[in-house]
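Just so we're clear, the structure is a prediction, and the values are computed from it rather than from any experiment.
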Amino acid sequence: MYRKQLSVAIVCALLAPGVWAQDASSTATTDGAAQESQAKTLDAVTVTARRRTESIQDVPVAISAFGEEALKDLQADTVEGLQGVVPNMNIVQGRGSANSINVFIRGIGQPDALQTFDPGVGMYVDDVYYSRINGAMFSLFDVQQVEVLRGPQGTLYGKNSTGGAIKVTTKNPFEDTGGSVEATVGNFGQREGKFYFGGELNESVAMSLAGSMSESDGYVTDPSTGRKYNGDENNALRGKIAFKVSDTVNATLSLDRNKQYAPLTLGQPTAPLIQTDLAFGPVVLKPAPTGEYDFRTRTSFGPNQGQEMTHTGASLTVDWDMSAQWRFKSISAWRKLKTESFIDIDASEFELGDVLVAIDQNQKSQEFQFQYDNGSNLQAIFGLYYMNEKVPSYQEAYASDFFALAGMPISFLRTIEDDLDTTSKAAFAHMSWEFVPTWTLAAGLRYSKDEKDYTRSTSTYWGPILAALDETVAFDGRQSWDAWTPSISLQKAFSSNVMGYVSANRGFKSGGFNGRANSVLETTQAVFDPEFVWTYEAGLKMRSADGRMQGNVTAFHSEYKDFQARVSEIVNPDSPTPSFSFPVLNAASLKIDGIEFEGSALLGEGTRLSGQLSYMNARYDEFVDPRVQLDPALANLHDHVPFSPDFTARVALQHTFIMDGGAGVTIGGDVAYRDDTWLSVDNRSNLMQNAYATYGLFGVWDSSDYAWQVRAGVRNLGDKVYKTDGQEFSSVANIQTAYYAMPRNYYLSVRYNF
């Protein structure tokens, strides 16, 4: 059935070859006639992928861009709503945490969620880098545009952008004037309010204030208590003050704060949970589930043990037009992230993999850019970057049901205090030169250096029977890594509407320290090396002469080296040995090939067809794992690259009816397909999601003056039960926990613009 749906997706994508070109700079229309005229051509999209404003059709990078109204039509409340929309991207809520995001682009991401591991996809808000996946589940309440850059962005965006980058741009109070208020209700107790106010105080000063307040009861129930989980309570606020200091100098001060309280995020154990009885051997505490998941999960945590986050930041951006050719830009930022999250890794009533993870991150960064444009055929950017990040954390692990002696559980507590201090420095340059008409050569180079200091103290406490095994292990390490990351591209404008390019880009992901090293032996092997990737890409960007079709076709080949794989130590289930070992190996080299289609077309008056189709072949050249060498039965443990389905596709269709009097009614729907997806580095069959398709539907009424908007929609219309992420800690009680997407959910929102 799903192959048929995929065939339909392929046909539709080929009928409308082009990039997803929803309005990425949409503003409110003022009357019905304007609404009708908008349906005659696709809107031109501008992006800042190369740190300057350009048409998306002129940039030799694979980019998807979405403006405010496009994001609403995607029914995306957070960046997680981009799942399925961008070719070869996997973006979901991350591993039992309400505030984390798990992102993979073209098979590259962050396989372990712990804060000592770095992301493989760079996340930016108003050009400020967010270094942790914690706190990166961005709410889209005041967003002007989201850009997704696929492939290494090592020259202009630096380390940890080996898979690509996601850029969020919030509203500018000089440009986004007026305001809006919006209220939303939905099932699972969804309640949400949003507002935005922006405008000029005088010719030199403009201000804006935006906020979002949202709650939901949750869609997972503990059958023993009736309590709800996988819900949220989130309050976010952003204020901006923009200054026109002079005719040549502009500055913007931005302040933001996000406060979240959420109950536990629970998954389902997909394999038998095993207790180690030191007298009798292994005991099955909970058998593997049978049948389809019914969103009922038990937990050992109490009602007040949830997940809290406070995320605060400030940034100051200064633009100075130094001359007709030169422009200077400074981006100064400070961010503070504090989380305290209880996570039931085993997702059961037993205390096997229960943890508290509390981090208190402090991040300061400074970037200087010097931009040159001769007004004709040469543009360049030179820059310096500095960031210091301090991430102290405190963790507790509870596993009092993991070990027993003759049926009597042995209490177990492990406490961890660690502190990671990272200093990143970089210098970069990039130039674009149209050396003859219609031919443009671009090249860049970045030098990056990372220095990391890591201290860690682990204390283990056993029950009275094994108290002699109590121990404290300390570790103190310092390491630095540096890298050169070049990029080069050659593009040809075949006409004013067709451009082709070839490019080569290198990406660098920093080395680090294994934040799961607990024994003396593990601390001697705690350092892992950087990852590197070279990606070679060819693309074709097209727009029809009448502006009714627009398109992108991209083919790529990546050589990915020194993959940082966090694995679980294998324990013989017939004679288990106590183990909490989670080594990190620079285990693998990969080759990744793919092709990506994006398309949008206007059909008739007011009908829009859009879609994406992507294919990816990610495979290991080698995966050096000592466990496999010792046990040939594990030969298939690394047959599949995680979060790298062969095919993904999406087709969306919407139509706008202009009513008498100028009001508009839009009806839209979509179908998205995702091929088989493995959810862990160690390929556990329980943590694999078979191919599936999901459906969405929405309707919108806009008043003739666009003052009022009523929107209703349903996501996961077919109520499909499918896995999105996994926790794999097989060396602890055989834990293999899957997390599931929200069941069918619907909403109604009313918005007033002024």
Does any part of the side chain of [Y], heavy atoms only, come nearer than 4.5 Å to the side chain of [X], both counted from C-beta?
{"X": "I331", "Y": "Q369", "value": "yes"}
{"X": "R106", "Y": "T535", "value": "yes"}
{"X": "D670", "Y": "F698", "value": "no"}
{"X": "Q83", "Y": "R674", "value": "yes"}
{"X": "S600", "Y": "L42", "value": "yes"}
{"X": "V121", "Y": "M89", "value": "no"}
{"X": "S503", "Y": "P60", "value": "no"}
{"X": "D126", "Y": "T169", "value": "yes"}

What class does the angle between the rings of Y536 and W534 fall in, given that below 30° is parallel, 30 to 60° is tilted and above 60° is perpendicular?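 Because their plane-to-plane angle is under 30°, the rings of Y536 and W534 count as parallel.
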Check the angle between the aromatic planes of Y130 and F138 and answer parallel, tilted or perpendicular using the 30° and 60° thresholds.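 Taking F138 first and then Y130, their aromatic rings stand perpendicular (interplane angle over 60°).
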I'd like to know if the side chain of [X] and the backbone of [Y] have a donor-acceptor N/O pair within less than 3.5 Å.
{"X": "K720", "Y": "A741", "result": "no"}
{"X": "D676", "Y": "A691", "result": "yes"}
{"X": "E80", "Y": "Q93", "result": "yes"}
{"X": "S100", "Y": "G94", "result": "no"}
{"X": "R506", "Y": "T485", "result": "no"}
{"X": "S495", "Y": "N497", "result": "yes"}
{"X": "Q689", "Y": "Y722", "result": "no"}
{"X": "Q190", "Y": "T184", "result": "no"}
{"X": "R548", "Y": "G604", "result": "yes"}
{"X": "E537", "Y": "V61", "result": "no"}

How close do [X] and [Y] get, heavy atom to heavy atom, and via which atoms?
{"X": "E68", "Y": "V143", "value": "CB-O, 3.7 Å"}
{"X": "G726", "Y": "L687", "value": "CA-CD2, 4.3 Å"}
{"X": "K509", "Y": "G109", "value": "NZ-O, 3.0 Å"}
{"X": "Y620", "Y": "H640", "value": "CE1-O, 3.7 Å"}
{"X": "A136", "Y": "I101", "value": "CB-CG2, 3.6 Å"}
{"X": "A649", "Y": "L613", "value": "CB-CD1, 3.8 Å"}

Check ion pair [X]-[Y] (N to O, under 4.0 angstrom):
{"X": "K561", "Y": "E531", "answer": "no"}
{"X": "R619", "Y": "D593", "answer": "yes"}
{"X": "D73", "Y": "R608", "answer": "no"}
{"X": "D127", "Y": "K329", "answer": "yes"}

[atom2] on [Y] to [atom1] on [X], rounded to 0.5 Å:
{"X": "F508", "Y": "D118", "atom1": "CZ", "atom2": "CG", "answer": "9.0 Å"}
{"X": "L609", "Y": "Q654", "atom1": "CG", "atom2": "CD", "answer": "10.0 Å"}
{"X": "D621", "Y": "S589", "atom1": "CG", "atom2": "OG", "answer": "4.5 Å"}
{"X": "T162", "Y": "I105", "atom1": "OG1", "atom2": "CD1", "answer": "9.5 Å"}
{"X": "L590", "Y": "Y560", "atom1": "CG", "atom2": "OH", "answer": "7.0 Å"}
{"X": "N90", "Y": "S644", "atom1": "CG", "atom2": "OG", "answer": "8.5 Å"}

Run the side chain to side chain donor-acceptor pair (under 3.5 Å) test on D176 and Q144 for me, step by step, so that the C-alpha distance in whole Å, both residues' side-chain angles and the decisive distance to 0.1 Å come before the verdict. CA-CA 9 Å; D176 298 286; Q144 182 186 77; 3.0 Å; yes
Decide side chain to side chain contact (heavy atoms under 4.5 Å, CB included) for Q491 and K541; before the verdict, give the C-alpha distance in whole Å, the side-chain angles of both, and the deciding distance to 0.1 Å. CA-CA 11 Å; Q491 67 186 86; K541 298 192 175 187; over 6 Å; no
Verdict with reasoning, R715 to T694, per side chain to side chain donor-acceptor pair (under 3.5 Å): CA-CA 8 Å; R715 292 164 286 214; T694 58; over 6 Å; no
For E69 and Q709, run side chain to side chain contact (heavy atoms under 4.5 Å, CB included): C-alpha distance rounded to whole Å, both residues' side-chain angles, the deciding distance at 0.1 Å, then the answer. CA-CA 12 Å; E69 291 304 313; Q709 182 182 85; 3.9 Å; yes
Cationic tip of R51 above Y157 ring, under 6.0 Å, 45° of axis: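 Yes, R51 and Y157 form such a contact.
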Set of side-chain contact (heavy atoms from CB on, under 4.5 Å) partners for S614, sequence neighbours left out: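 By the side-chain contact (heavy atoms from CB on, under 4.5 Å) rule, S614 matches P87, N88, E596, Q612, T648.
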Side chain to side chain contact (heavy atoms under 4.5 Å, CB included) for Y695 and V714? Distances and angles first, verdict last. CA-CA 9 Å; Y695 310 89; V714 57; over 6 Å; no
Does the side chain to side chain contact (heavy atoms under 4.5 Å, CB included) test come out yes or no for T48 and E147, once each step is laid out? CA-CA 8 Å; T48 57; E147 300 171 32; 3.3 Å; yes
